[in-house]
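Here the structure comes first, spelled out in structure tokens, and everything after it is commentary.
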Amino acid sequence: MPIKPQSQLGDAPLPVHVAIIMDGNGRWASARGLPRTEGHRRGAESVRTVIKAASRLGVRYLTLFGFSSENWKRPSGEVMDLMGLLRLYLRKELAELHKQGVRFRVIGDRSRLSVDIQDLIIVAEQRTRANVGLNLVLALSYGGRAEIVNSARNMAERVKSGELDPENIDEDLFAKSLETADIPDPDLLIRTSGEQRLSNFLLWQTAYTELVFTDTLWPDFRTEEFELALSQYQSRDRRYGSVGV
């Protein structure tokens, strides 16, 4: 399928919130006889590219699946390398993100991250909190099922304490107890590398999200591929369960 340049994006609205499962770093490296960490390094370049493209096109929210709760099961050496790259990214990219007016935040179980990384995240969130440009959400040590369980536990504790009447629990109230309470649900989810599954990512929030899968490995994902995914979104008829025209 030919890549559509930006000028061929249609007049239909672009997604407000784009979520991306960044997949294929390891396979990209293996195909070139390189260590997996080199694939992750090249993947960081794609992150920079997509952030700039999303900002330029007016996407308001961009959520990137950086490290899942299941990724802790990977070999310890790879996990250490990934954490090292995360430290480097948080230190090097903060000034540029702030310059671009990006607001940065993290969702996921921070308690499993090292203290210095937790501190870097706090600094980044506080420094960019007042920015009004792109909202960049990085999912770290994140799992959709765990998020839903934590929300249910929170509801149960509030009911037990008498603070909440179970009859008042509805979808809106439940959603407000999720980590994404002040973030709109994704309009579009992109997954790279040819895999076609959610992999425990934003399970509640993606109930009516449009899905786009591409064979492109994440280190090769650039502006053209991003805009092609947006153009596919523009061609969809989003009915949210209603009858189409």
Side-chain angles (χ1 to χ4, degrees), residues 1-6 8-10 12-32 36 39-40 42-54 56-71 73-74 82 107-108 134 136-140 142-145 147-148 180 183-241 244:
M1 181 181 295
I3 299 298
K4 295 183 180 180
Q6 176 196 352
Q8 293 189 30
L9 285 172
L14 290 170
V16 172
H17 183 179
V18 178
I20 304 180
I21 300 176
M22 307 177 293
D23 197 12
N25 291 344
R27 273 169 283 172
W28 183 93
S30 296
R32 292 161 176 78
R36 290 175 64 88
H40 298 311
R42 285 293 298 267
E45 296 179 15
S46 296
V47 170
R48 297 186 191 99
T49 297
V50 170
I51 289 173
K52 290 180 179 178
R56 173 174 54 82
L57 292 168
V59 174
R60 296 299 303 157
Y61 295 84
L62 177 66
T63 299
L64 304 177
F65 203 4
F67 191 85
S68 74
S69 54
E70 289 79 17
N71 286 158
K73 301 174 185 177
R74 291 186 177 186
L82 284 168
I107 59 174
L134 174 72
L136 174 62
V137 184
L138 187 59
L140 294 175
Y142 173 86
R145 287 182 173 180
E147 182 186 26
I148 292 171
T180 55
I183 301 172
D185 290 344
D187 302 293
L188 169 66
L189 183 143
I190 304 167
R191 180 164 188 160
T192 60
S193 86
E195 304 294 346
Q196 298 186 19
R197 55 181 179 271
L198 292 178
S199 294
N200 201 20
F201 184 45
L202 299 177
L203 298 181
W204 175 279
Q205 298 87 341
T206 54
Y208 283 100
T209 297
E210 297 296 326
L211 309 178
V212 170
F213 302 106
T214 173
D215 291 333
T216 303
L217 301 176
W218 180 246
D220 292 326
F221 192 87
R222 291 295 186 264
T223 302
E224 293 79 10
E225 285 79 14
F226 184 59
E227 291 174 353
L228 176 59
L230 296 184
S231 71
Q232 292 186 43
Y233 169 85
Q234 288 182 316
S235 70
R236 306 278 178 90
D237 180 15
R238 306 191 74 201
R239 297 190 297 272
Y240 298 97

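The structure presented is a predicted model; accordingly, all values stated were derived computationally and were not measured. Because only heavy atoms are used, hydrogens play no part in the values below, and waters and symmetry mates are left out as well, while side chains stay in.
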### Query
Does atom CZ of R145 have more than 12 heavy-atom neighbours from other groups under 6.0 Å away?
no
### Summary
Residues L62 and H17: closest non-hydrogen pair is N-CD2, 4.3 Å
### Message
Does E227 form a salt bridge (Lys or Arg N to Asp or Glu O under 4.0 Å) with R56? I'd like the steps, not just the answer.
### Response
CA-CA 11 Å; E227 291 174 353; R56 173 174 54 82; 3.0 Å; yes
### Query
In terms of side-chain geometry, is the basic nitrogen of E45 or R48 positioned less than 4.0 Å from the acidic oxygen of its partner?
no
### Task
Assess whether side chain to side chain contact (heavy atoms under 4.5 Å, CB included) is satisfied between I21 and T192, documenting all intermediate values.
CA-CA 7 Å; I21 300 176; T192 60; over 6 Å; no
### Message
If we ignore hydrogens and angles and just use 3.5 Å, is the side chain of E210 paired with the main-chain N or O of D187 as donor and acceptor?
### Response
no
### Message
Once rounded to the nearest 0.5 Å, what's the spacing between atom CZ of R74 and atom OG of S68?
### Response
7.0 Å
### Query
Counting N and O atoms only, with roles assigned by atom type, does the side chain of D185 sit under 3.5 Å from a partner on the main chain of T206, one being a donor and the other an acceptor?
no
### Query
Is any NZ, NE, NH1 or NH2 atom of the basic residue among E195 and R27 found under 4.0 Å from an Asp or Glu carboxylate oxygen of the other?
yes
## Note on the structure
For L202 and A19, the nearest pair of non-hydrogen atoms, with its separation, is CD1-CB, 4.0 Å
### Message
Minimum heavy-atom separation for R36 and A29, please, with both atom names.
### Response
CA-CB, 3.9 Å
### Task
Kindly compute the distance separating CG (L57) from CG (L134), expressed to the nearest 0.5 Å.
10.5 Å
### Summary
In short, I190 meets A229 closest at the heavy-atom pair CD1-CB, 3.6 Å
### Task
Quick one: do I183 and Y61 satisfy side chain to side chain contact (heavy atoms under 4.5 Å, CB included)? Show the steps, please.
CA-CA 8 Å; I183 301 172; Y61 295 84; 3.8 Å; yes
### Query
Any donor and acceptor pair, going by atom type alone, linking the side chain of W218 with main-chain N or O of G43 inside 3.5 Å?
yes
### Query
If every non-hydrogen atom of G10 is compared with every non-hydrogen atom of Q234, which pair is closest and at what distance?
N-OE1, 2.8 Å
## Note on the structure
All heavy atoms of G194 vs all of D215, minimum pair found to be CA-OD1, 3.4 Å
#### Entry: CA sep, side-chain torsions, deciding dist, call: L189, V212, side chain to side chain contact (heavy atoms under 4.5 Å, CB included)
CA-CA 6 Å; L189 183 143; V212 170; over 6 Å; no
### Query
Is W204 close to E147 at the side-chain level, that is, under 4.5 Å between some pair of heavy atoms?
no
### Query
Out of curiosity, H40 NE2 to L82 CG, how far, rounded to the nearest 0.5 Å?
4.0 Å
### Message
Could you check whether any side-chain N or O of R191 sits under 3.5 Å from a backbone N or O of R197, counting only pairs where one atom can act as donor and the other as acceptor?
### Response
yes
### Query
What is the distance from atom OG1 of T223 to atom NZ of K52, rounded to the nearest 0.5 Å?
9.5 Å
### Message
Please determine whether side chain to side chain contact (heavy atoms under 4.5 Å, CB included) holds for the pair V18 and L230, giving the CA-CA distance in whole Å, both sets of side-chain angles, and the decisive distance to 0.1 Å.
### Response
CA-CA 9 Å; V18 178; L230 296 184; 4.1 Å; yes
### Message
A side-chain contact here means heavy atoms from C-beta on lying under 4.5 Å apart; do V137 and L64 qualify?
### Response
no
### Query
Under 3.5 Å, side chain of R236 to main-chain N/O of L211, donor-acceptor pair present?
yes
### Message
Once rounded to the nearest 0.5 Å, what's the spacing between atom OH of Y142 and atom CZ of F65?
### Response
7.5 Å
### Task
For the pair F221 and F226, name the ring-plane relationship: parallel under 30°, tilted 30 to 60°, perpendicular over 60°.
perpendicular
### Query
What's the spacing between S193 OG and M22 CE if we round to 0.5 Å?
12.0 Å
### Side chain S199, main chain F201, donor-acceptor under 3.5 Å
no
